[in-house]
Amino acid sequence: MKESVTTVAVSPQAPPQEHKLPLIRRKREINSIKTPTEIALHLFFLLFSAACVFPVLVVLGVSLTDQDTIYLYGYNVIPRVFSWSAYAYLLRDIGPIIDAYLVSIFVTVFGTIVALMITALVAYPLSRRDFSFRSFFSFFFFFTMIFGGGLVPWYLVYTNFIDLRDSIWGLIVPNHLLSAFYVIIMRTFFTSSIHPSILESAKIDGAGEIRIFTRIVLPLSLPVLATIGLFYTLSYWNDWFNSLVFMNSDKLISIQYLMYKAMRNLQYLNTIAAVSGFGDQTAKLPSETARMAMAIIGMGPIVLAYPFFQKYFVKGLTVGAVKG
């Protein structure tokens with residue numbers, strides 16, 4: 001009797017274990033099958049990625065090509081005649097390039113953090129329905145997107161009243177410190193993604209406004225913070241106009257403005273040589289390849305920094321989806 005009981009007790013457990021593996025395999029096979037829509041989307045994004053990467057490869061290939069080869073055969077991704085002459089010309093005096101890189105990195109990092117903090121501090125009250133002057137300030141920011149004071153009043157305010165000439169703040173404050181467009185985007189995200197009941201429950205638990213903003217609102221807003229932070233980073237890194245307007249000293253100019261000055265010097269030398277009849281001497285200058293080398297030097301750090309933003313952006317989407 002004991003043997004029969006044991007066989008009866010063990011035998012029902014065997015069939016489910018035998019059927020689990022085929023079910024798991026079937027699910028994996030079903031999940032591995034790609035629909036035509038998914039295949040089309042994968043192909044589209046592959047082609048789109050290739051279209052974005054191809055111009056960068058062309059610029060890199062031209063910057064590593066001999067100047068005479070460019071005139072004979074045009075642009076190519078793979079250099080026909082390899083040459084470092086463009087980079088050797090630009091890096092001949094590497095001291096100003098290092099100084100400009102340090103200035104651009106500091107302005108980009110510090111300016112992005114401050115601009116993102118100010119944008120969040122302005123957008124959050126505008127998203128609160130219990131804020132009395134919400135409509136007035138929203139219209140105020142929207143009005144500045146349509147009408148501007150002009151270049152001359154803008155310059156006079158920053159030079160005569162605030163006096164930002166030859167100051168690092170001249171590269172941070174004007175143009176990029178606060179964007180009305182980004183304020184409206186962040187305000188819309190706060191309004192649509194953060195439910196008022198979450199804020200009310202935090203108030204019931206005894207949390208103040210600062211604690212609600214830092215502990216609840218900002219962690220739930222990582223997607224919009226990462227996106228707008230990336231926009232601010234690109235704006236600060238690519239800016240050269242503030243260096244042109246506010247900086248008289250070469251020690252406080254950005255890398256973009258330094259590359260712009262190098263390009264202007266090449267154009268000036270070519271013009272003078274053409275007028276004076278010394279075209280054979282200036283033909284040795286890598287004018288076309290130097291232009292592409294400037295683009296590679298100028299975009300290097302920002303290309304390396306983008307994957308870090310992408311990682312936090314994806315993480316912010318996940319956190320916002322779970323907590324929201």
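Computed from a predicted structure; not experimentally measured. Counting begins at 1 with the first residue of the sequence.
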Pairwise distance CG(L60) to OG(S63) - rounded to 0.5 angstrom: 4.5 Å
Closest non-hydrogen atom pair, H176 against A115: O-CB, 3.8 Å
M292 reachable from V81 in the ILVMFWY side-chain graph, under 4.5 Å edges: no
Donor + acceptor pair across side chains of R187, S138 (<3.5 Å): yes
I210 atom CD1, over 12 foreign heavy atoms within 6.0 Å: no
Spacing of L41 atom CG and F45 atom CZ [to the nearest 0.5 Å]: 6.0 Å
F110 and W169 aromatic ring geometry - parallel, tilted or perpendicular at 30°/60° bounds: perpendicular
Donor-acceptor side-chain pairing of N175 and N242 below 3.5 angstrom: yes
Value rounded to 0.5 Å, distance of CD1 in I105 from OG in S254: 12.0 Å
Centroid-centroid under 6.0 Å between Y232 and Y182 rings: yes
Ring centers of F143, F147 separated by less than 6.0 Å: yes
Ring centres under 6.0 angstrom apart (W154, F246): yes
Between CE on residue M247 and CZ on residue R165, distance to nearest 0.5 Å: 11.5 Å
L244 side, atom CG; D239 side, atom CG - distance, nearest 0.5 Å: 10.0 Å
Flag for T37-T35: side-chain donor and acceptor within less than 3.5 Å: no
Distance in Å, T119 OG1 paired with L225 CG, rounded so as to fall on 0.5 Å steps: 9.5 Å
Criterion side chain to side chain contact (heavy atoms under 4.5 Å, CB included) on T289 and Y87, from CA distance to verdict: CA-CA 9 Å; T289 57; Y87 293 96; over 6 Å; no
